[in-house]
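The structure appears right after this line, and notes come after that.
Letters go in sequence order (proteins before strands), and every chain restarts at 1.
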There are 2 protein chains.
Amino acid sequence: MAKRTDTPGRLDDAARAGWLYYVAGRTQDEIASTMGISRQSAQRLVSLAVAEKLIKVRLDHPIAACLELGNQLRKKFDLRSVEIVPSDPGSSSTTIGIAEAAAAEIERWLKRPEPIVLAVGTGRTLKAAVDQLPQLECPEHRIVSLTGNITPDGSAAYYNVIFSMADAVKARHFPMPLPVLVTSAEEREMLHSQQLVRSTLEISSQSDVTFVGIGELGIDGPLCVDGFLEKDEMMELMRNGAVGEICGWIFDGDGKLLDNPINERVASAPIPPRDSSTVIGIAKGKRKFKAIRAAIVGRQINALITDEATAEFLLTV
Amino acid sequence: MAKRTDTPGRLDDAARAGWLYYVAGRTQDEIASTMGISRQSAQRLVSLAVAEKLIKVRLDHPIAACLELGNQLRKKFDLRSVEIVPSDPGSSSTTIGIAEAAAAEIERWLKRPEPIVLAVGTGRTLKAAVDQLPQLECPEHRIVSLTGNITPDGSAAYYNVIFSMADAVKARHFPMPLPVLVTSAEEREMLHSQQLVRSTLEISSQSDVTFVGIGELGIDGPLCVDGFLEKDEMMELMRNGAVGEICGWIFDGDGKLLDNPINERVASAPIPPRDSSTVIGIAKGKRKFKAIRAAIVGRQINALITDEATAEFLLTV
DNA sequence: ACCTCCTATGAGTAATTGCCCATGAGCAAA
DNA sequence: TTTGCTCATGGGCAATTACTCATAGGAGGT
């Protein structure tokens, strides 16, 4: 995953080829001859530009069906905002589409003139969204992570997105210098009382807008896959009615945070208050249906970015 | 030009198809079967989405701005090619950046398989560019100098670049065995009628590509600094509207060669014909703004390598 | 100095896309 | 109803693009 930097000019070339191809609309043959390389090399540069996410495509048209679904959802659940993107029935990706839409929404918030605090959770979907962000300069804003950046084995949590975000967005950013899960409620108390952590928690509580992924439970869910919970712990949770999690905070089918030993060990900041702050959940996909519904009805989130299929499910239940 | 709005659903479909194509990365065949239409219709929807600018493509890389500027310049002045490099506001160098870019361009030409004639002018910028060239073997090409290699005091002209070029590039090279300035139009006639000079002039007129610097006038400009003109001659020229020179050929603010005693004494080859040959000007910097602009509008050159700041100036005037 | 491994490159080929044309449906005017 | 026009459609085909494979060049290790 680490990017090769041994040929720094190569990305420049890729950018140039990608620009000529996508923006200027030249063919790869023309690009090849203007850049003095072979057609195949031109093709490689173009796909490199795509692979490196130098090329950002966005669709600038409200699709009527999506808008309508969004409106209905917003009314039904009293949400602050809902964004629906088209479903792609042929893809099993849990990020495609909503990542771009979330990136656009993040960008809109960051382009506001007045200083804001933007909080981010964690997860693959959010990571994919942040990867879509363009370079932005917004020194007036603050970006804070709700979740710790250390995994159980002591390494940096890959899906902690604030570092990726810092690469793209020039703003003050505040990681949470904590593990994701600690060993006991007491340890959490102790860590949270440290000055550095306290001030980060304080900032997060003042968040104007928060972007969070919504994780489903299950042995294939992120908490297990990323090694935060053992299989038997997961089974125990699910027996107790848990259906989803946001930033590690586990909730049941009504979206109520569970009162159990796991939640006592979650070191994440509390989700910013939904009455004073916009908390946008980003998630789609059948496996997440129950978790998303619970997060909404339990008001763990008050805004949503999802896809058509998920929206239709939410309207039927 | 007015778009039909009688089928409002059509743009939605276009948006959906465009989304599936560009964001979800599906093929048009897949889109067609998903949407229940023929492949051709899917293709039409996708191109409609592009034509209606529903699809916004953005390149997130520093050189994107340069490419965009270059494109605008190329269109505005009908240039064959334009290359813009990032400006370095902290540097007052008139060569940094464009020298490397020019070297890359020279290299691209020299790597062409078919034999070409490459002509070079003179000047510090071009010298810096040639110094960036790697060792190349291209015995099939010919490299010719447009300008003489003897200064008024009889020594070799330091900024005559063909000798530096010969060090790096193994090709047949043709210096111009003349002074830069002669004493009269008659002397020029006589010298140009020599067999050796005539054949060199003949080669230069067949140049496929020409690289020239653009000199500004003024008592700090190259013509004065290098001792080709006296201060009072320079003042006289500037009173007559001269703003710049290429290979010693002095032109006014409209890029028209001046009809005066100095130009009659310039022994350089004529600039190769711009309708049949690519003549690339290499220059940047505030002091050269007027000269560059004149060279372009007067079509002394038909291609340009410069930096962002200069490009922005050229777009505003 | 030699060897090995890795990566970039170019050719060939399959897949995909863009374009032109003939056709026919829809619609307005006669 | 007929006529004439426009425009979407789908087939066919040429152009363009993506992928696979074998090879060459170069860095790094022995």
Side-chain angles (χ1 to χ4, degrees), chain A residues 1-57 59 61 64 88-91 93 96, chain B residues 1-57 59 104 107-114 134-138 140 170:
Chain A
M1 193 48 57
K3 284 303 150 246
R4 298 177 56 83
T5 46
D6 44 78
T7 51
R10 186 157 180 89
L11 268 190
D12 282 3
D13 287 343
R16 184 171 301 261
W19 188 91
L20 288 166
Y21 188 68
Y22 285 103
V23 183
R26 323 287 298 279
T27 70
Q28 295 180 355
D29 258 328
E30 294 173 310
I31 295 168
S33 57
T34 51
M35 294 181 68
I37 55 181
S38 72
R39 187 174 73 270
Q40 295 91 329
S41 297
Q43 196 273 327
R44 285 185 179 99
L45 286 177
V46 171
S47 33
L48 178 64
V50 175
E52 294 292 334
K53 302 198 196 307
L54 266 36
I55 303 289
K56 309 274 169 72
V57 183
L59 180 92
H61 180 75
D88 176 9
S91 164
S93 164
I96 209 164
Chain B
M1 186 56 46
K3 283 300 151 242
R4 299 177 55 84
T5 47
D6 44 63
T7 50
R10 186 159 179 84
L11 271 190
D12 279 2
D13 287 343
R16 185 173 296 264
W19 187 90
L20 287 167
Y21 187 69
Y22 285 104
V23 182
R26 328 284 314 181
T27 70
Q28 295 179 354
D29 261 328
E30 294 171 309
I31 295 168
S33 54
T34 305
M35 296 180 67
I37 55 180
S38 72
R39 186 187 63 76
Q40 294 87 336
S41 296
Q43 196 272 329
R44 283 187 180 98
L45 287 177
V46 171
S47 47
L48 178 63
V50 174
E52 295 291 336
K53 306 211 191 310
L54 266 36
I55 302 291
K56 303 276 174 65
V57 181
L59 193 143
E107 199 179 331
R108 275 194 288 272
W109 281 88
L110 290 177
K111 281 190 173 163
R112 297 196 172 194
E114 74 276 11
Q135 293 287 327
L136 290 170
E137 301 279 338
C138 25
E140 71 280 19
K170 299 297 175 263

Beyond-backbone contact of B/W19 with A/D88, side-chain heavy atoms, under 4.5 angstrom: yes
Overall bend - the helix from C/dA1-D/dT30 to C/dA30-D/dT1, comparing terminal axes fitted on five pairs, nearest 10 degrees: 30°
Residues A/I31, A/R16; criterion side-chain contact (heavy atoms from CB on, under 4.5 Å); working and verdict: CA-CA 9 Å; A/I31 295 168; A/R16 184 171 301 261; over 6 Å; no
Length of the line joining A/E30:CD and D/dA15:C1', which is rounded to integer Å: 12 Å
Pairwise distance OG(A/S33) to CZ(B/R108) - rounded to 0.5 angstrom: 10.5 Å
Atom-pair distance (CE on B/M35; C1' on D/dG10), nearest Å: 16 Å
C/dG10 OP1/OP2 closer than 4.0 Å to side-chain N/O of A/S38: yes
A/I37 backbone acceptor or donor facing A/S41 side chain under 3.5 Å: no
Check: A/Y22 and A/V57 side chains under 4.5 Å, non-hydrogen atoms: no
Among C/dT9, C/dG12, D/dG10, the nucleotide that comes nearest once only the side chain of A/S41 is considered: C/dT9
Polar side-chain contact A/Q40-C/dA11 base: donor and acceptor under 3.5 Å: yes
B/Q28 and B/Y21, any side-chain heavy atoms less than 4.5 Å apart: yes
Side-chain donor/acceptor of B/E30 to backbone N/O of B/T27, under 3.5 Å: yes
Check: C/dG18 base within 3.5 Å donor-acceptor of B/R44 side chain: no
Side-chain heavy atoms of A/M35 within contact of A/D13, under 4.5 Å: yes
Got a list of protein N/O to nucleotides 14-17 of chain C N/O distances below 3.5 Å?
from, atom 1, to, atom 2, distance (Å)
C/dT17, OP1, B/Y21, OH, 3.3
C/dT17, OP2, B/Q28, N, 2.8

